[in-house]
2 protein chains.
Amino acid sequence: MAVTIKDIAREAGVSKSTVSAAMNDSPKVKNETKERIKKVAERLGYVPHIGARELITNKKLNLGIMNLITYQADGDIKNSYFNQAYEPTYYDMASVIMTEISKTKYGLLIERIQIGQGELSLPSFLTSGRVAGVFVVGTMHTRDYIMRLKEYTDNVVVVGGNKSDICDCVRNDYTQAIYTAVRYLIDNGHKSIAFVNGDTLSQASDDKLLGYKLAMADANLPIDSNLVVNARFTGRAGYDAVRKIFESSKKAPTAVCFSADVMAVGAMRYFYENGIRVPDDVSIIGFEDTCLAEFSNPQLTTIDRNKRRLGLEACRLMLSKLENPKRGFQDIVVPFSLVIRGSVKDLTSK
Amino acid sequence: MAVTIKDIAREAGVSKSTVSAAMNDSPKVKNETKERIKKVAERLGYVPHIGARELITNKKLNLGIMNLITYQADGDIKNSYFNQAYEPTYYDMASVIMTEISKTKYGLLIERIQIGQGELSLPSFLTSGRVAGVFVVGTMHTRDYIMRLKEYTDNVVVVGGNKSDICDCVRNDYTQAIYTAVRYLIDNGHKSIAFVNGDTLSQASDDKLLGYKLAMADANLPIDSNLVVNARFTGRAGYDAVRKIFESSKKAPTAVCFSADVMAVGAMRYFYENGIRVPDDVSIIGFEDTCLAEFSNPQLTTIDRNKRRLGLEACRLMLSKLENPKRGFQDIVVPFSLVIRGSVKDLTSK
DNA sequence: CTGAAAGCGCTTACAG
DNA sequence: CTGAAAGCGCTTACAG
């Protein structure tokens, strides 16, 4: 049996109420008594019972994080990383949140949720009433889905998605980000630039396309609709996208902007297999800055979303909402940055 | 306010005891009453209060998973993926566990723990008494550390570590695995084979070294001690290891076996930068089968640890221990398999 | 400043 | 087969 406030009360010669007040640093308890009680608690190895506390305060002391998984055969992590959604991105985001939340009084539950296949399943930590709030990671959800979550809790923070009027959001300015990427290609002398956009179901795809169009327009470059395609967030999709572009175009583009690193690195396989050299024959740029970008050869030039900051802000928002449930929803836009590595060739100095 | 058994009792015209028994499918309740009660519960949207249940049963209804992180500056996920421990491996393992545990009555808490820097920190879900058991992912821990964990719970399952007499273990036969990898190189005609082993602190390094030695001995191949090095589990370490080997050897080895994919792919950067072609000039083989292996060019031949099976067995062990706390500790060895891709050249057909 | 009492939502003997 | 009572470990008014 674990030690309880009753044990401490007996040992310290005070009542349970006093122990409780002392452990919660209530100003009602004399400092001397408080210290004596705390010392006893320490000695006895007292750990408050979370369940009892949740019961009496009518507040949950856990938070949940849900990774929205798509394109994957039923929980099977084998089945080729190349063909499925690239999950390490979720982990990067989640890992910051884990570290931050572990410093608070909350525990952090985690669940992977498969969505996009008919009915939307909900995380069981939500439906079983375990959590005081949830972090939703990823862009592949709809407003309706968030509404479903909100039947269980009002404390929803979407990390790396889009602006929403029904929950807190932490995200990047996707239009500006892709604009910056394409602009960088243009500044390096590229004129024929393909754009491999993300999934049509992703909330960010429209913003990204706008960024591409704006950058091209600002440089007075015409847009060839054959060079703009949508693809899923997998290596395979990136591979297929560039194959289609390079096999069908009379004159291949000199550069390709991808709306996710995973597609860019997938495309590198196509280039490698076909003797098309990066960056000598084609320049490419990604978006996200995953480990894939740093481990590829050449290393991928990309846009760093600042996942650490994204996670930090998400925690801040969650904690503030928990403190002050009535405050309005917030939308935090985190700055991104261009990471120049080795996949873009400068055509101007040539 | 959430609906409680009291509400259901009133609505169904029975006592709280009966509601409780009915919801727990006790045989003591007549089927007819049971169904009536369940229907009411359903209609009212009843969700049992986990905390209350934990309190009265004196059992925790959450489990914890801890990812043992090494080589990393204080929770900072930026700071170069190339230079730090490769975490997606943890995520792969954890992801299977998430999926499995979400099907049970347990919730799953997650935490990243930095170890190997002086004092061993414990996950707060353990010290705060939230969990009924913990999954420990990774090889970078000591027996002492497991003992520390066991001060809090007897239900510890180490996933992907080594055999232990004080907890359940799910792992691979590292000696056999590396033997198989090296043997594959030998079968492809390689005679001068370097071995980049893992961190000296990893529990598996000794086993792996043995596998290398056995394979070489079985083929009557001499071991050049200059070709056997230890390295940390980072891309940078793999890079540095092969640089050292290739810069110092008079005759470079024709093949290198790495005890982790992350090091192999890190080494590919060195080869790429120095115009050493894989597999034409040097053959390499990894261990683990991470996404890095599939996304590299050429794709990395490696050993698949069968992470899915590893995670599945870990869950099975945890659940069985929870059911039957007195059973002895088990040691499950999961079969691995060789995944042949494009990083090994066949010298025999030449 | 300290203590006695009530009660959160559940389960578990025990009585009928 | 069903119900009344006790109690898990805590916090929160309230009384002194």
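Note on naming: letters A, B, ... go to the chains in the order of the sequence lines (proteins, then strands), and numbering restarts at 1 for each one. As a basis for the values below, the full set of heavy atoms in this structure was taken, side chains included, without hydrogen atoms, waters or symmetry mates.
Atom CG in A/Asn24 sits about 7 Å away from atom P in D/dT12, given to the nearest Å.
No engagement by B/Lys6 is indicated, since no non-hydrogen atom pair under 4.0 Å with the nucleic acid exists. The residue B/Lys30 sits close only to the backbone: its heavy atoms come under 4.0 Å of sugar-phosphate atoms, none of a base. Among the heavy atoms of the strands lying under 4.0 Å from A/Ser20 is at least one base atom, whether or not backbone atoms are also near.
For the pair A/Lys16 and A/Asn31, nearest-nucleotide mapping onto DNA chain C gives the more 5' position to A/Asn31.
Residues A/Thr153 and A/Val131 are not in side-chain contact: their nearest non-hydrogen atoms beyond the backbone lie 4.5 Å or more apart. Under the 4.5 Å side-chain criterion, counting only non-hydrogen atoms from C-beta, B/Ile113 is not in contact with B/Ile69.
The strand DNA chain C forms stems, runs of 3 or more Watson-Crick or G-U wobble pairs with distances below 3.5 Å, at C:1-3 with D:14-16, C:5-12 with D:5-12, C:14-16 with D:1-3.
Put simply, B/Thr33 has no side-chain N or O that comes within less than 4.0 Å of OP1 or OP2 on D/dC1. Between A/Arg53 and D/dT11 there is a side-chain N or O to OP1 or OP2 distance below 4.0 Å. Under 4.0 angstrom from either OP1 or OP2 of D/dG3 there lies at least one side-chain N or O belonging to B/Ser15.
Side chains of A/Tyr91 and B/Asp92: no donor on one and acceptor on the other come within 3.5 Å.
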Requested in this report: Give the C-alpha distance, both sets of side-chain angles, the deciding distance and a yes or no for side-chain hydrogen bond (donor to acceptor under 3.5 Å, both in side chains) between A/Arg130 and A/Asn62.
Outcome: CA-CA 7 Å; A/Arg130 278 177 159 88; A/Asn62 286 314; over 6 Å; no
